[in-house]
Amino acid sequence: MKLVRKEKFIYEIPIDKELGMRVPGLVFASEDMIESIETEGVLQQVANAATLPGIQKASIAMPDIHYGYGLPIGGVVATDVDEGVITPGGVGFDINCGVRLITFDISIDDLNVDLESLAKKLYRNIPCGVGEGGKIKVKKQELKQVLKKGARWAVENGFGNERDLEATESYGFLASADPEAVSNKAYERGYDQLGTLGSGNHFVEIGCVETILNKDVAEKWGLFEKQLTLLIHTGSRGLGHQVCTDFLGIFEKSLLKYGISVPDKQLACAPVKSPEGNKYLAALSCAANFAWANRQILMHLSIETIMEVLNISRKLLNPRLVYDVAHNIVKFERYEIDGKERLLAVHRKGATRALPPNHEELPDMYKDTGQPVIIPGDMGRYSYLLVGGKKAEELSFNSACHGAGRKLSRHKAIKMAQDRNIAEELKLKGIFVISRGKRTLKEEMPEAYKDVSDVVDVVDYLDIAKKVLKLRPLCVIKG
DNA sequence: ATGTAC
C-alpha cells in the first residue's frame, strides 16, 4: 500500500481510483509506528473505508490503529447524512465501548488499607467475565426504559446523581434510540447484564495521578498529584454485540437493493437515510444508552466498595466523575466542508471524541478548557488524561486516539506469554491484578500493547488533544 | 468485543 509522508506524524494513502477510493487515507503516526502498521493489512482497511459512499475529506487512522472487523480499530469515517452510508463495521461490535474517570479527595499517601484487599473486594462486588450477568435483573418494559434513557435511568434508580450526567458525553444518552428497533435476541442478552464488566480489555482500575503535565487545566479540573482515581472501561456487553450482528446481516442483504458495492463484505452498509440505516441508528443508540447506564452503575458499585474498604464516608471520599467518553460510536455532527455546513455521520471506531475549547456541545464546566479526553494504556504502565485541542476539527473531525493500541494479536500474545504468571509479574511492580478468565491476563499483558506514551505524543504534537496528566495503575479487576 | 461455533 502506497503511503506518502506529508509532514511530521502525518501520512497519506493517495486516492486509488481502481479500488474506488473517493477520498485519500490519512494516518497519524510516528515513523516507528508506521512500520508495524504497514505489516498487518491495516492500511488496506483504511483504503477500503475511503470507498464508502458519501465519505468526507479522508479515511482517518489514529496512532493506536490495528486490524479490526471491516474497518480498523482506531479509525474515523465521516459520511454525509444526505448522500452517504452508515456502517456497523465503522462502529464495532461493542457499541459505545468507552471509559470514565473518577477522582477522590484522597491522596495515596493517606491510604490506610493494602491494595490487595481493595482489589479482592472489588473483584467480589463487580460481576465480570464473558457472558456473566449480575444481581441487577430487569424485565422487558424496564429494559426499554434503560435503552431510551441511558445513564439517566441509572441515576433515577439510585446509581449516581445529576452531576454525573453533566460529566458524560452526550449527557449519557442518544435521543435517536428506539427500543422497537432492538431484536428480541438482543433483549434476551441484556436482561441481567446491567452493571457488569465483561471480558477482554475491559477493566475497573484503582490508580493515582502520577504526573501533572498541564498545571493550569489540572487545577481547573480539581486534580492533584498522588490523587486516588478510578478508571472504568466497558461497553454494551451482549446486547450491543447482538445489535451489531443483527444489522451486519440486514445490511449485507440490502447492499444489492441500494446498488452499493464494497471491496470487503465486512464493510456492509446502508444509506443513512434508508429504512435500514434509520433502524440501525435507532438500535445502535439503544445499545449506546445501555452502555452508559452500565458504566454509571459500575461506577456506583465501585465507589460503594471503596467506601466500605476504606471505611470512609461519601462526603470525605468525595467521588467526582471527571468525564465519560464513548470510543465506539457514530454521532451526527455539523462540520464545514468546502465552505458549506453539512451534517455528517461521524463513525468513531476506537477513537475518542475530542472537542476543543468553546465548542457548543460542551457542558458549562468544560467550556473554557475543552473536553476531557481519557486514554487508557495497558494495565502495567500508565494511562493519560488529555484535553481537546485546536486542530482536532481540521484534522480528525474532533477525534483523538482511544488507547495504547494492540501490538500483538490476542493469539500471538497468549503464545508469547506461554507459562508466565502475568499477575505475579505485575505484583512485583506493585500492581494488584485479579482476572476471572485464565487467558485474559496473557491477552492483555503490557507487551501486547504499544507504549501509550508514544501514541499520545502523536495527537499531542498535532494539537488534536493536549496532555493534562498521567495516571498510574494500583489495582486492576478484569473479566 | 462476544452465550470466543448455529
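Heavy atoms only: backbone and side chains are in, while hydrogens, waters and symmetry mates are out. All chains are named by letter (A, B, ...) in the order of the sequence lines, taking the proteins before the strands, and each is independently numbered beginning at 1.
Backbone-only engagement by G200(A) is indicated by non-hydrogen atom pairs under 4.0 Å involving sugar-phosphate atoms exclusively. Contacts of R410(A) with the nucleic acid, taken as non-hydrogen atoms under 4.0 Å apart, include base atoms. Among the heavy atoms of the strands lying under 4.0 Å from K185(A) is at least one base atom, whether or not backbone atoms are also near. At a threshold of 4.0 angstrom between heavy atoms, the contacts of E188(A) with the nucleic acid are absent. Contacts of S199(A) with the nucleic acid, taken as non-hydrogen atoms under 4.0 Å apart, involve only primed sugar atoms and P, OP1 or OP2.
In the region residues 436-450 of chain A, proximity to DNA chain B at under 4.0 angstrom, judged on heavy atoms, holds for R439(A), E444(A).
Note: CG (L248(A)) to P (dT2(B)) measures 16 Å, nearest angstrom. For the pair H202(A) NE2 and dT4(B) P, the interatomic distance rounds to 16 Å; values are reported in whole Å. Whole-Å rounding puts the H411(A) NE2 to dT4(B) P distance at 18 Å. Atom CG of D94(A) and atom P of dT4(B) are 16 Å apart (whole Å). Atom CD of Q242(A) and atom C1' of dC6(B) are 12 Å apart (whole Å). The distance from atom CD1 of I95(A) to atom P of dT2(B) is 12 Å, rounded to the nearest whole Å. Between Q193(A) atom CD and dT2(B) atom P the separation is 8 Å, expressed in whole Å.
Contacts classified as side-chain hydrogen bond (donor to acceptor under 3.5 Å, both in side chains) and involving residues 41-50 of chain A (residues at least two apart or in different chains) are given here: Q44(A)-N48(A). Residue pairs meeting the ring-ring contact (aromatic ring centres under 6.0 Å, His included) criterion with at least one member in residues 264-290 of chain A, sequence neighbours excluded: F247(A)-Y280(A), F251(A)-Y280(A). Screening residues 178-209 of chain A for ring-ring contact (aromatic ring centres under 6.0 Å, His included), with sequence neighbours left out, gives H202(A)-H233(A), F203(A)-H233(A). Here side-chain hydrogen bond (donor to acceptor under 3.5 Å, both in side chains) pairs that include residues 372-382 of chain A, with residues two or more places apart or in two chains, are D378(A)-R381(A), Y382(A)-D451(A).
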List, one per line, each side-chain donor-acceptor pair under 3.5 Å for residues 63-76 of chain A, sequence neighbours excluded.
residue: D64(A); atom: OD2; partner: H402(A); partner atom: N; Å: 2.9
residue: D64(A); atom: OD2; partner: H402(A); partner atom: ND1; Å: 2.5
residue: D64(A); atom: OD2; partner: G403(A); partner atom: N; Å: 3.0

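Here R420(A) pairs with E447(A) in a salt bridge; the nearest charged N to carboxylate O distance falls below 4.0 Å.
Side-chain polar atoms of S36(A) and K450(A) form no donor-acceptor pair below 3.5 angstrom.
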